[in-house]
Amino acid sequence: MNKFKTILLIILFNGIAMSQNYDFEQSLYYNYEMFKEKSIHNRLFKYSDIVKLISELKKNNIFEANVAGKSAEGREIFLISIGNGKKKIFLWSQMHGDEPTATMALFDIFNFFSDTVNYQDIKRQILSNTKIFFMPMVNPDGAEVFKRRNSFSIDLNRDANRLQTPEAKILMNVFDSLRAEFGFNLHDQNHRYTAGNSFKSAAISFLAPPINYEKQIDSVRLNAIKLIGSLYKMLSRYIPGHVAKYSDDYEPRAFGDTFQKKGTSTILVESGGWRKDPEKQFIRKLNFILLLSSIKQIAENSFQNMSETVYESIPFNEEKLFDVVLRNLTLNRNGSNIKFDIGINYEEILSDDKKSLYRKASIEDIGDLSVFYGYTDINFDGYVLGDAKTFNERNFSLKEIQKLDLYSYYIKGFTNFLIKDKLNSGFIDLPVNLISNSKKDLATRFVIGANPNFLIKKDNKIKYVVINGFLQKVKEDFDFEGNGLVFK
Ligand SMILES: [Zn+2]
């Protein structure tokens, strides 16, 4: 064997010996449903839901559940722990009230540890080497109204130094009492981020927060960097191209940066977007796997083998996605035809009864959007734009609207209807817009910020209607995914 071959073999052998096989993660991926907490099935679960689940946990003596303090509005914030090992791991979620994905996964993880049949050896190994502390829903007051900030309108993640909010104080007190080896700072990010300059959504983004403006890497941050490298490799098996890195600008007011500086290897996990998964149940599953994988790797110390260059190779988040891009539409302007793309985004709004989220669309961009992508992305070359119309011959009741043969109205260009009932809701789960005040102007406008309501025609026939940004093919029977708006 020549020297070159020997070296190659050594490299290969080391490569195999040093890389994780991720069998545990693979098995979790296929067995996830066994552990999924079924009482939580969308992002609108409430504080009362988790209180119920935590009181169940208290009955199981493998868990310790304590009240760490109270939110500004008096809701208890919990600290749950498991294990009796030396290495402490601290995970906290939802310091931003409208970022609930990881909280769901934490309850799946509690089910994983409660189960007495599966993965017994692995669990024994984890719990004899680590003690894991969980603080789910750090901002319960914000969560109650699905808002980022706490009830003082303060962003907790900018209050790590001043500690003026009770929630930030509680998080800092618990952190100081633990001084854990590893910390996991669990958030949701803009679902329109992509992993680098690609059309792939950043389903999960990581960051080992910096400790200063120079972005210096000390031994504490290096451990976070190595573990993220391993998680990146593991997740890339399931969602290749969909894992990214969050902006690494130093933010001295944030908890992640502060904790890293104080000596806990801290990992930011941002749950992003996934096509056709508005309630983020797939991203929740990814959180379940990546957090359990982290816990196992910390217990075994196996992440230490990972090269820090993997972390460096992870693409940064970029903003390349719209919710909808409709391309090459033709519009007659001042007597001549112009062609452009339309980028549409949805804003999520909590309904008045707080039981559902609905979406309100706006035109985000118009022009050449060839460097962007859309979750819905359709080429309308050869199609012409037209104005959506309001049918104002009569006022309908809500019951009549629900029974209306919409096809017969669409083909004449009508998408908006006058309603005589007094509606409290701001939306309707039907492909129509409702107007309760006949003075309201719903004229089609192709301008930035306008609510997108228009027609798409070919050969002078209306082929599609766009209602509150949702594209609806004009045919006799259809499925509608989305909501119209009620204009009061
Ligand atoms: Zn956040």
Side-chain angles (χ1 to χ4, degrees), residues 42-45 47 50 71-72 77 90-106 134-172 174-175 183-195 201-210 224 228 231 243-260 264 266-274 277-280 283-284 286-287 290-291 316-319 321 347-348 350 357:
N42 64 38
R43 292 170 300 152
L44 275 187
F45 61 91
Y47 172 73
I50 73 157
S71 71
I77 297 169
F90 181 29
L91 305 94
W92 61 97
S93 72
Q94 218 172 340
M95 71 163 76
H96 293 139
D98 58 351
E99 300 179 8
T101 304
T103 303
M104 300 191 269
L106 294 185
F134 303 88
M135 189 182 282
M137 204 184 269
V138 176
N139 179 6
D141 301 350
E144 204 63 11
V145 287
F146 208 69
K147 286 204 166 110
R148 176 180 179 89
R149 294 169 182 246
N150 90 329
S151 64
F152 303 162
S153 290
I154 291 177
D155 182 340
L156 300 186
N157 212 22
R158 299 291 177 269
D159 196 29
N161 289 329
R162 288 202 182 165
L163 299 174
Q164 293 303 297
T165 57
E167 298 86 358
K169 263 183 224 157
I170 291 165
L171 182 56
M172 186 58 82
V174 168
F175 172 84
F184 290 84
N185 187 10
L186 307 174
H187 290 253
D188 282 70
Q189 66 181 359
N190 185 339
H191 70 276
R192 291 181 287 262
Y193 283 147
T194 53
S201 61
I204 296 285
S205 294
F206 292 109
L207 180 72
I228 291 173
L231 296 171
V243 186
K245 199 157 58 186
Y246 200 79
S247 161
D248 65 353
D249 290 336
Y250 178 57
E251 174 48 80
R253 302 169 299 166
F255 274 97
D257 309 50
T258 305
F259 288 174
Q260 191 97 271
T264 290
T266 304
I267 292 180
L268 170 73
V269 180
E270 293 275 358
S271 293
W274 191 253
D277 184 25
E279 293 309 323
K280 297 201 173 190
I283 315 259
R284 162 190 184 171
L286 297 174
N287 270 267
L290 79 90
L291 292 175
F316 276 105
N317 278 346
E318 288 196 32
E319 286 186 72
L321 267 174
E347 179 197 352
E348 284 188 315
L350 186 65
L357 289 168

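Ligands are counted one by one from 1 in listed order, and the atoms in each one are counted from 1 as well. Index from 1, following the sequence.
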*Is the side chain of E319 donor-acceptor paired with the backbone N or O of R192 at a distance under 3.5 Å, no angle test?*
no
*Donor-acceptor contact present, side-chain K280 to main-chain W274, <3.5 Å*: no
*Just do the side chain to side chain donor-acceptor pair (under 3.5 Å) check on T165 and D159 with the steps written out, would you?*
CA-CA 7 Å; T165 57; D159 196 29; 2.7 Å; yes
*Which protein atoms of type N, O or S are found under 2.8 Å from the Zn ion (ligand 1)?*
H96 ND1, E99 OE1, E99 OE2, H187 ND1
*Any salt bridge between E279 and R284, counting N to O under 4.0 Å?*
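Judged by the 4.0 Å cut-off on N to carboxylate O distance, E279 and R284 do not form a salt bridge.
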*asked:* Once rounded to the nearest 0.5 Å, what's the spacing between atom CD1 of I204 and atom CG of L231?
replied: 10.0 Å
*Donor-acceptor side-chain pairing of S271 and N287 below 3.5 angstrom*: yes
